[in-house]
2 protein chains.
Amino acid sequence: MALDDRKRMILQAIVEDYINTAEPVGSRNISKKSDINLSAATIRNEMGDLEEMGLLIQPHTSAGRVPSTGGYRLYVDSLMEKYEMTAAEIEEYKLATEAKQQELDKIVKDVAAAFSGITGLPVIGVLPSTEAGVVKNIKLVKIDSDTAMLIVSDKSGIIKNKLLKLKHDISDDFADQVTKILNESLSGLTISQINLSNIMEVQSVIGKNFEILASVMELVHQAVSEIDRKQIFVDGVSNIFRFPEYTNVEKVKELFGVIEDKDNLLKIITEAAPNTQTKVLIGDEIPITELKNNSIILAPYRLSETLTGVLGVLGPARMDYSKVISALEFFTQQLSMTLSKDFGEKKRQLLIEKGDE
Amino acid sequence: MALDDRKRMILQAIVEDYINTAEPVGSRNISKKSDINLSAATIRNEMGDLEEMGLLIQPHTSAGRVPSTGGYRLYVDSLMEKYEMTAAEIEEYKLATEAKQQELDKIVKDVAAAFSGITGLPVIGVLPSTEAGVVKNIKLVKIDSDTAMLIVSDKSGIIKNKLLKLKHDISDDFADQVTKILNESLSGLTISQINLSNIMEVQSVIGKNFEILASVMELVHQAVSEIDRKQIFVDGVSNIFRFPEYTNVEKVKELFGVIEDKDNLLKIITEAAPNTQTKVLIGDEIPITELKNNSIILAPYRLSETLTGVLGVLGPARMDYSKVISALEFFTQQLSMTLSKDFGEKKRQLLIEKGDE
DNA sequence: GTTAGCACTCAACAGCAAAGAGTGCTAATC
DNA sequence: GATTAGCACTCTTTGCTGTTGAGTGCTAAC
């Protein structure tokens, strides 16, 4: 059966009506729409066809129709119109994405929280894995007789730090010395390239204080590998209470179960995560059965060529894709601008050069 | 009316039955208990009396009775027996409270998460406000051309750090110099005593680079005041789904509303927070109307004489007070031991000395 | 090809009766 | 005088029933 323009138009009307009302859509309802001049009976025939094509689902005989995953997919891919943000929205979003913090993690989390507030949906964020970061500077700072801090900064401006519990007391000078050696041999490597063997190599450079150095280096290695860890966070979850699909506690519980299993969520998101484009996962396209009635929209933000993170939303499949996608892309773009310093400037320059051609 | 032993015994039986079953307790039910040899009719008379005394509530005429806030209060204050932990539990709790992290925040959060897992209840934690901490060491470390890190450690071992976005490039030497000056004039003060004027005083010590120094000091002041901020966190909230009192979404929503209003929660907890003893807030003793059917149990953990934090649980008023209190006290004790280094040692020494008398 | 009309389906809702848990009171019993 | 058996009464819970209404699919007319 062919999907002609009329069918597409009807499908679009059904999806949009369902997004607004959360109620199965009946033929009369669509027939009454000003831009569709067809009787309910005709619409009914078309709806029957659309159901046969797997784009609509009828919850029960005497109910209207609801979009299937396929229906939403078609809508998102080719029916939906791009949402044009109003000037007021742009102003609001700009204000919301202004960084009020210094640290990468906090900037991202702040922006994510603001995004959740604006869309009224739970948000998911993945902080850039630093493994791809290129070490610019490593510093070991003595703090206390048994404590030191390792500070690693990368080319794109990420700064991570980690406390080390020392087994021996060290002097400030010793820390400076270690700092110098670490920098000489590790800067320029990506963080994932730093492993115990090249840390230990460092060690052989100086012979004295071998034991102490060895234990410090062991700790440095540990710290670096912990710094490397990917992180996922979720915010604004209680937004789901706004939705009629969550008036049942069982559903809420299910969702919380999924959200609390951070490891699995991180795995799914990482696998699905887009490189450049926004990605929409609808219903059972999400490999978590509990989320078969939900959708996830993800978009990347970039700090540099290699360093990227992900921002996204999670909500009922019945969501305002067009508006949410616009907002998400605006937010990730702003976030990239805020976070990528060197990279961002380079890119802007490139754009200008291209514009000059 | 006098509260004789028999009434106390019956009240205890009712509270404990209700804690277990979550169902209003009837007279027959209590009469059947092996240690109470009274007919249902007698129990009924006593229950009538207990209700008149405001210790029990009857949801409706044909239902059993439920403890009132006052009933729980009496139970907690004088009926409940102290729960003796089994050896296996002690073992389990010890394992759960072992610190796997370095940083104060993470240790506390880890222990709190473990506590939530063990009690099956949402936990509340307040990190020690550092304002009472005595500055031991301040360090300004240059990281990048426009970034420096301020690291403040206090006598009891808390280490906090904060990034500063610099307006001028500074040298490592300059940072060292600032570090030296800061230490000379600020160490020994409590963090709350550090204010702009005594930071600025520092500034006048050296005349050169005045402008740069001024802007750095301004940032240092900002960083210190942010370091000072009290923090509250909540974990394991989805545990509430286990309770029949949360089968209604409205209730869940209400609870989430309360939990998400961190500022208010912090205020309430801080006001109620115990100095040394465990504190139990039951039902409408909590100044948040939405929590009138809940209880909060709080216990302090200590890093030093002045530095304390709070760990607690939040759950339905119908909770196993005896067991939860035992566990909470064990957890906060372990946490204090882990966190208080100097203080802990001193205290232990004192105990030993006293033991020698 | 489109539409009016109509029989049919099914969830949702209100009303009602029966069941069951528990009470308070009275009168008998220890 | 305290305790208890017995009984009428109350009120929620549950299950059943009929009604309503939204929506469909099909047929026949336009």
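Chain A is the first sequence line, chain B the second, and so forth, proteins listed ahead of strands; every chain is numbered from 1. Bear in mind the structure is a predicted one, so any value in this text is a computation, not a measurement.
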Whole Å only: how far is the [atom1] atom of [X] from the [atom2] atom of [N]?
X	N	atom1	atom2	answer
B:L50	C:dG24	CG	P	12 Å
B:N45	D:dT3	CG	P	9 Å
B:R44	D:dA8	CZ	C1'	12 Å
A:R28	D:dA22	CZ	P	9 Å
B:I14	C:dG22	CD1	P	12 Å
B:N37	C:dC30	CG	P	17 Å
A:K7	C:dT2	NZ	C1'	14 Å
A:L38	C:dG1	CG	P	14 Å

- [ ] Determine whether B:I57 and B:R65 make a side-chain contact, defined as any pair of heavy atoms from C-beta on separated by less than 4.5 Å.
- [x] no
Open item on the list: Using modelled atom types and a 3.5 Å cut-off, is there a donor and acceptor pairing between side-chain atoms of A:S116 and backbone atoms of A:L121?
Closed with: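 Checked: pair present.
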Task: Side chain B:S27, main chain B:I43, donor-acceptor under 3.5 Å - done: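 Checking the backbone N and O of B:I43 against the side chain of B:S27, no donor-acceptor pair under 3.5 Å is found.
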TODO: Assess the pair A:F241 and B:F256: is the distance between their ring centroids shorter than 6.0 Å?
DONE: yes
- [ ] Report yes if a side-chain nitrogen or oxygen of B:T42 is closer than 4.0 Å to either non-bridging phosphate oxygen (OP1 or OP2) of D:dT4; otherwise report no.
- [x]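 The answer is yes; a side-chain N or O of B:T42 sits under 4.0 Å from OP1 or OP2.
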Open item on the list: Distance check, rounded to the nearest 0.5 Å: B:L314 atom CG versus B:L291 atom CG?
Closed with: 6.0 Å
Task: From A:L255 atom CG to A:E245 atom CD, the distance as rounded to the nearest 0.5 Å - done: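 Atom-to-atom, A:L255:CG and A:E245:CD are 11.5 Å apart.
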Open item on the list: Here's a test for you: under salt bridge (Lys or Arg N to Asp or Glu O under 4.0 Å), which of A:R6, A:K7, A:R44 qualifies with A:D49?
Closed with: A:K7
Task: Close residues, residues 53-62 of chain A, relative to DNA chain D [heavy-atom separation under 4.0 Å] - done: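 Within residues 53-62 of chain A, the residues near DNA chain D are A:Q58, A:T61, A:S62.
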- [ ] Give A:A63 one of three labels, base, sugar-phosphate or nothing, depending on what nucleic acid heavy atoms sit under 4.0 Å from its own.
- [x]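 Sugar-phosphate, backbone atoms only, no base.
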Task: Closest-nucleotide 5' rank along DNA chain D - winner of A:M47 and B:S39 - done: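 Counting from the 5' end, the first nearest nucleotide belongs to B:S39.
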Open item on the list: Under 3.5 Å, is there any donor-acceptor pair linking the side chain of A:R65 to the base of D:dG25?
Closed with: no
